[in-house]
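Below is one structure, written out as structure tokens, with a few remarks after it.
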Amino acid sequence: MAADQLSPLRVGIAGLGTVGAGVVRLLQENRDILQQHCPRPIEITAVSARDRRKDRGVDLTGFDWVENSLDLASHPKVDVVVELIGGSEGPAKTLVEAAIAKGKHIVTANKALLAHHGTALAVAAESKGLGLAYEAAVAGGIPVIKAMREGLAANRIEQVYGILNGTCNYILTQMRETGREFADVLGEAQKLGYAEADPSFDVDGVDAAHKLSILTSVAFGCAVDFAGVRISGIRNVSAMDIAFAEELGYRIKLLGLARPTASGIEQRVVACMVPQASVIAKVDGVFNAVVTKGNFIGQNIAIGRGAGAGPTASAVVSDLIDIARDRILPAFSAAAESLKQMPAAARGSHVGAYYIRLMVVDKPGVIADIAAALRDENVSMEAMIQRARHPGNLVPVVITTHETTEASIDRVVARLAQVKSVLEPPHLMPIEMLD
Ligand SMILES: NC(=O)c1ccc[n+]([C@@H]2O[C@H](COP(=O)([O-])OP(=O)(O)OC[C@H]3O[C@@H](n4cnc5c(N)ncnc54)[C@H](OP(=O)(O)O)[C@@H]3O)[C@@H](O)[C@H]2O)c1
């Protein structure tokens, strides 16, 4: 180790909320273990947040309080800026850009920033030989970036998918266990602090899409393409769909899935059915999971806590240890300048099985109309559930299909929506036949 590596790595932290305060606490409480793992001391020298008077439950004495977080970029006693403010634009982006320009390494947990500007920031950092590390940004405490970029680097990655949002997984788990509807469970999750007051980034799939776009880049060596992610969330998942999924041998999960296809990279965030026997089906509550399929490793699965002060701080500090050890790797799996610009897979090209639930007036001929719509689009039915007959009443009819294209199923659904006896827009959900 070079002599100057034993001088402390001086850290400036911007943002002292859940994650920032967690990082301060970890560096203080685990000082002995960090010293053992990394002879070069990691020392916080400066911190910044909006409100200096706020009690953050951690001891900030001895740190330089910086009123304007942007000043951390040129702070003479800071080697690494740890950006824990959040947001794809505004102060977080300004700070990271300025800090790179001033020659400081970056550690961040900010998936929104990386999803929108990851490639450009990596190019800027790498052109100056600086680290841009973000283990905490994807799946929180699960060291998935390190696993993919280092441990699995010898593989051609064929597919990556996972449960990337703990709030959604918690809500879906609660819905299944209690039979309650989405809105009811969301309200309770907000009261318990498992969901934000404005839950849209989580429940509409945006947060998972941020993380997926980063994972995709690391997995396939392509530039981060957040705009190429097809995003849907869990607002439309009903207690009835969850019950039917159970009956059919599936569980409903919000997954982020990415794979290369003939027409480009397919990136989807979608509530989908997965076989109850699959590993991912058993990952419940706030837990996250990431499954990577490589051509030599086969299937690799990592499960852990995706959020919270402790797991996220653990990931942030692991990045600091890398920098203290002088292990500066490209931000993604290849030098940022060489990341490929790959097109997004063509719309409608996804091939898979589907679940369709229709609410129909129970009268003769309905099933024949449904069967005709499927037949005309060459979509073959795998199973059908028709609830007890109540002539004249609204009853659910559930169909599962064999593999077909998304374009075909969209045409089937559009046609079914026109059938007179179908009284609600059809509920469509992909079925992912995962191991
Ligand atoms: N929470 C998690 O479990 C988790 C997990 C993975 C990744 N992340 C990511 O980690 C980042 C931080 O998340 P968090 O949950 O810790 O957020 P948070 O609790 O809302 O904390 C944000 C912090 O940023 C500070 N801040 C806001 N605007 C600022 C500005 N202009 N200048 C300086 N400081 C400013 C706030 O100051 P005040 O405290 O004074 O208001 C606060 O301390 C986000 O990018 C998030 O996506 C979070």
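Order of appearance sets the numbers: ligands from 1, and atoms from 1 within every ligand.
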* To do: May I ask you to check whether His210 and Phe201 place their ring centers less than 6.0 Å from one another?
  => yes
Using only atom types and a distance under 3.5 Å, with no angle test, would you say the side chain of [X] pairs donor to acceptor with the backbone of [Y]?
| X | Y | answer |
| --- | --- | --- |
| Lys128 | Ala101 | yes |
| Thr45 | Lys77 | yes |
| Arg325 | His37 | yes |
| Arg56 | Gly20 | no |
| Lys282 | Ala277 | yes |

Is it the side chain (CB and beyond), the backbone, both or neither of [X] that lies under 4.0 Å from ligand 1, heavy atoms counted?
| X | value |
| --- | --- |
| Thr312 | side chain |
| Ser69 | side chain |
| Pro91 | side chain |

Is ligand 1 less than 4.0 angstrom away from at least one heavy atom of [X]?
| X | result |
| --- | --- |
| Glu83 | no |
| Ala137 | no |
| Ala136 | yes |

* **Neighbour count >12 (heavy atoms, 6.0 Å) for atom OH, Tyr194** => no
* To do: Step through the shown structure and confirm whether more than 12 heavy atoms of other residues, nucleotides or ligands are within 6.0 Å of CG on Asn68.
  => yes
Which residue and atom name correspond to the protein heavy atom nearest [atom], and how close is it?
| atom | value |
| --- | --- |
| atom 39 (O) of ligand 1 | Arg56 NH1, 2.7 Å |
| atom 10 (O) of ligand 1 | Ala109 CB, 3.4 Å |
| atom 21 (O) of ligand 1 | Gly17 CA, 3.3 Å |
| atom 3 (O) of ligand 1 | Gly308 N, 2.7 Å |
| atom 8 (N) of ligand 1 | Lys111 NZ, 3.6 Å |
| atom 38 (P) of ligand 1 | Lys54 NZ, 3.4 Å |
| atom 19 (O) of ligand 1 | Thr18 N, 3.0 Å |
| atom 34 (N) of ligand 1 | Ala49 CA, 3.4 Å |

I need the atoms of ligand 1 closer than 4.0 Å to a non-hydrogen atom of [X], numbered in the order shown.
| X | result |
| --- | --- |
| Ala307 | 3 (O) |
| Leu84 | 12 (C), 22 (C), 23 (C), 24 (O) |
| Gly86 | 44 (C), 45 (O) |
| Leu16 | 23 (C), 42 (C), 43 (O) |
| Asp51 | 40 (O) |

* Asked: Counting heavy atoms only, which of Val19, Val23, Val286 is nearest atom 2 (C) of ligand 1?
  -> Val19
* Structure fact -> Min over Arg50, Glu196, Glu135, Arg52 of heavy-atom distance to atom 29 (C) of ligand 1 lands on Arg50
* To do: Would you check, one step at a time, whether the test salt bridge (Lys or Arg N to Asp or Glu O under 4.0 Å) holds for Arg347 with Glu266?
  => CA-CA 9 Å; Arg347 279 187 96 82; Glu266 185 180 270; over 6 Å; no
* To do: Evaluate salt bridge (Lys or Arg N to Asp or Glu O under 4.0 Å) for Asp59 paired with Arg25, printing each intermediate quantity in order.
  => CA-CA 8 Å; Asp59 183 5; Arg25 193 165 66 80; over 6 Å; no
* To do: Inspect the contact between Arg31 and Glu43 and indicate whether a charged nitrogen and a carboxylate oxygen are less than 4.0 angstrom apart.
  => no
* Based purely on interatomic distance, does Ala309 place a nitrogen or oxygen under 3.5 Å from a nitrogen or oxygen of ligand 1? -> no
* **ring pair (Phe, Tyr, Trp, His ring centres under 6.0 Å) evaluation trace for Phe332 with Tyr134** => CA-CA 10 Å; Phe332 299 99; Tyr134 53 86; 5.5 Å; yes
* Asked: Would a search of protein heavy atoms around atom 31 (N) of ligand 1 find one under 4.0 Å away?
  -> yes
* Asked: Does the protein put any heavy atom within less than 4.0 Å of atom 16 (O) of ligand 1?
  -> yes
* **Derivation of the side chain to side chain contact (heavy atoms under 4.5 Å, CB included) call for Val78 and Lys104** => CA-CA 8 Å; Val78 167; Lys104 300 200 191 302; 3.8 Å; yes
* Is it the case that Thr108 and Asn110 place a side-chain donor and acceptor less than 3.5 Å from each other? -> no
